[in-house]
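Structure first, then comments.
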2 protein chains.
Amino acid sequence: MARAESAAPPRRGRPASTVLARPDDEPTATALLAAAVQVMGANGYHGASVRDIASAAGTSPAILYHHFDSKQGLLVTMCDRGLDVLVRATEDALDLAGDDPADRLGAIVAAHVRVHMESQRESLIGNSELRALEAPGRALIVAKRDAQQRLFDRVVRDGVRRGAFTTEHPDDAARFVTAACTSIATWYRPGGALEADEIVARYRAIALDAVGYRR
Amino acid sequence: MARAESAAPPRRGRPASTVLARPDDEPTATALLAAAVQVMGANGYHGASVRDIASAAGTSPAILYHHFDSKQGLLVTMCDRGLDVLVRATEDALDLAGDDPADRLGAIVAAHVRVHMESQRESLIGNSELRALEAPGRALIVAKRDAQQRLFDRVVRDGVRRGAFTTEHPDDAARFVTAACTSIATWYRPGGALEADEIVARYRAIALDAVGYRR
DNA sequence: GAGGGTCTTGAACGAGCGTTCGACGTGGGC
DNA sequence: GCCCACGTCGAACGCTCGTTCAAGACCCTC
């Protein structure tokens with residue numbers, strides 16, 4: 001077998017970046033994760049073949065089974081790590097926010113929106129491929145997603161209790177907001193008409209309106 | 001081949017209902033559409049095999065190609081008709097609504113929410129299987145979806161222009177609202193804690209808050 | 001009763017699927 | 001210098017995929 005370049009390993013220099021990678025991952029596992037994000041994000045779990053993913057990672061299909069249990073195991077790893085990133089970002093934003101309810105909601109909305117813009121494909125997979133998850137892994141992922149929703153529920157309820165938000169349905173309003181912010185991943189394109197910061201600012205303002213915050 | 005019952009044709013009595021069916025469709029085409037809604041709604045386009053769909057419809061796989069061009073053609077038909085139902089319901093609601101901006105937005109939100117609750121699987125497919133659509137049909141579907149979004153844009157802009165809504169970003173708020181209402185299809189279960197009417201009422205109220213309507 | 005169009009069928013096609021396996025190259029420990 | 005463990009590979013496994021096809025069942029028309 002002859003390749004175009006002689007010395008360099010073929011996978012070097014490939015674009016293999018994803019927020020899902022962790023420092024102690026082996027390079028090939030990282031490349032597979034990044035490739036799976038690309039291919040599954042574009043075609044969905046069932047629409048992405050192991051050969052597609054391996055090819056995008058610059059390796060052979062067989063290597064996937066050295067680093068993961070199966071294609072399903074790869075999906076679970078992706079969803080699990082993706083939700084960790086999201087929950088972590090939201091919790092960090094809440095820790096840094098002050099005591100004002102509007103500031104707190106604004107902070108977690110901004111964090112949620114930013115993750116869904118910056119890790120667009122990872123977010124898409126985490127939201128639309130839940131149905132492709134099989135029994136053991138599924139419960140884990142659903143639990144983490146519920147935890148993220150409960151963060152929002154708590155902040156909105158707290159704001160209502162303290163009189164800052166006037167919505168009559170705190171939990172529904174919280175779900176309303178998270179769903180709207182999550183959907184950004186379906187349409188956002190870097191370099192579009194609006195700067196990312198501007199989108200964050202607008203969604204923060206609309207979210208505050210949605211919970212009945214009076215400016 | 002022997003079947004359990006002797007006289008009745010096997011497909012009679014099967015649950016084959018979908019809002020996508022039209023009066024002049026042949027019964028088998030209707031059954032295939034209903035089955036495709038069930039199977040694709042549960043597993044996605046790539047996760048639903050032609051054999052699965054045919055089996056759910058009580059027919060053979062080959063029959064699909066007598067009533068549709070291909071599996072892809074079936075998907076296009078489903079998405080096309082599903083969006084027709086949605087746009088039609090929204091336009092009808094607007095026609096029946098009065099002149100008051102809050103009434104108008106409330107009416108289209110209620111219609112949008114109701115369609116996504118009552119035709120849950122059809123809506124899920126229309127929203128999450130856009131990426132499985134291939135070139136010729138895709139543009140048609142995207143155009144219809146954009147038309148639905150523009151209905152909301154217009155109502156919100158109109159309300160802002162007339163001073164009823166105070167949001168500073170009408171188009172973003174409109175997209176915020178449609179995304180939140182669309183997502184109902186992902187979690188709503190008939191017979192859940194909330195009555196459908198109650199969900200509609202709450203989402204209408206939150207949507208009005210989101211565009212800055214002052215009660 | 002014969003003829004023809006429509007609807008339906010089981011069987012088969014080649015292609016691609018997820019997964020497994022045995023062999024190969026390589027680099028650090030003895 | 002030997003060796004083993006590890007990451008990697010091409011090739012192949014059995015299976016399912018979307019699709020086609022020739023033939024049968026049905027029903028309306030003459």
Side-chain angles (χ1 to χ4, degrees), chain A residues 1-3 5-12 14 16 21 24-33 35-36 39-40 42-78 129 132-134 137, chain B residues 1-3 5-12 14 16 21 24-33 35-36 39-40 42-78 129 132-134 137:
Chain A
M1 169 180 72
R3 282 214 178 79
E5 58 268 284
S6 54
R11 67 184 170 286
R12 284 289 184 88
R14 283 179 181 272
D24 53 343
D25 283 342
E26 297 186 22
T28 306
T30 299
L32 282 170
L33 274 173
V39 181
M40 285 193 194
N43 304 329
Y45 177 75
H46 292 296
S49 76
V50 169
R51 284 167 180 81
D52 289 342
I53 296 167
S55 164
T59 69
S60 70
I63 201 78
L64 191 148
Y65 297 85
H66 181 76
H67 296 278
F68 301 93
D69 285 347
S70 60
K71 183 186 173 189
Q72 174 73 203
L74 174 58
L75 176 65
V76 172
T77 301
M78 293 169 65
E129 300 305 332
L133 282 169
E134 290 161 14
Chain B
M1 168 180 73
R3 282 214 176 80
E5 60 269 282
S6 54
R11 68 184 169 286
R12 285 286 185 88
R14 283 179 180 274
D24 54 342
D25 283 342
E26 297 187 23
T28 306
T30 299
L32 281 170
L33 275 173
V39 181
M40 284 194 196
N43 304 328
Y45 177 75
H46 292 295
S49 76
V50 170
R51 285 166 179 81
D52 289 341
I53 297 168
S55 165
T59 69
S60 70
I63 200 72
L64 190 148
Y65 297 86
H66 181 75
H67 296 279
F68 301 93
D69 284 347
S70 61
K71 183 186 173 188
Q72 174 75 202
L74 174 58
L75 176 66
V76 172
T77 302
M78 294 170 64
E129 299 305 333
L133 282 168
E134 290 161 14

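We name chains A, B, ... by the order of the sequence lines, and we start the count at 1 in each one.
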Only one of A/Val50, A/Thr59, A/Thr28 passes side-chain contact (heavy atoms from CB on, under 4.5 Å) with A/Leu64, and that residue is A/Val50

| For A/Ala48, which contact category applies under a 4.0 Å heavy-atom criterion: base, sugar-phosphate, or nothing? | sugar-phosphate

Can you check nucleotides 12-16 of chain C for protein contacts, nitrogen or oxygen pairs under 3.5 Å, and list what you find?
unit_1, atom_1, unit_2, atom_2, d
C/dA12, N6, B/Arg51, NH2, 3.4

B/Leu64 atom CG is separated from D/dG18 atom P, nearest whole Å, by 10 Å

Note: B/Glu129 and B/Gly44 closest approach over all heavy atoms is OE2-CA, 3.2 Å

A/Asn43 atom CG is separated from D/dC17 atom C1', nearest whole Å, by 16 Å

Smallest heavy-atom separation, A/Arg51 atom then A/Pro61 atom, equals CG-CG, 3.8 Å

A/Asp52 CG to C/dT19 P, in whole Å, measures 14 Å

Heavy atoms of A/Val39 and A/Ala56 approach each other most closely as CG2-CB, 3.9 Å

OH (A/Tyr45) and CG (A/Leu74) are apart, to the nearest 0.5 Å, by 8.0 Å

Between CD1 of A/Ile63 and P of C/dT19 the distance, given in whole Å, is 15 Å

Shortest non-hydrogen pair, A/Ala29 vs A/His67, comes out as CB-ND1, 3.9 Å

For nucleotides 21-28 of chain C, 5' to 3', base contacts (B), sugar-phosphate-only contacts (S) and non-contacts (-) with protein non-hydrogen atoms under 4.0 Å give B-------

Shortest non-hydrogen pair, A/Ala21 vs A/Thr30, comes out as CB-CG2, 3.6 Å

Within residues 65-74 of chain B, those residues having any heavy atom closer than 4.0 Å to DNA chain C are B/His66, B/His67

Overall bend of the helix from C/dG1-D/dC30 to C/dC30-D/dG1 (five pairs an end, 10° steps) is 10°

With sequence neighbours left out, the residues meeting side-chain contact (heavy atoms from CB on, under 4.5 Å) with B/Val76 are B/Gln72, B/Leu133

*Quick one: does B/Ile53's side chain get under 4.5 Å of B/Met40's, heavy atoms only?*
yes

A/His46 meets the side-chain contact (heavy atoms from CB on, under 4.5 Å) criterion, sequence neighbours left out, with A/Ala132, B/His46

ask   = Hey, is the side chain of A/Thr28 poking within less than 4.0 Å of OP1 or OP2 on D/dT8, counting only N and O atoms?
value = yes

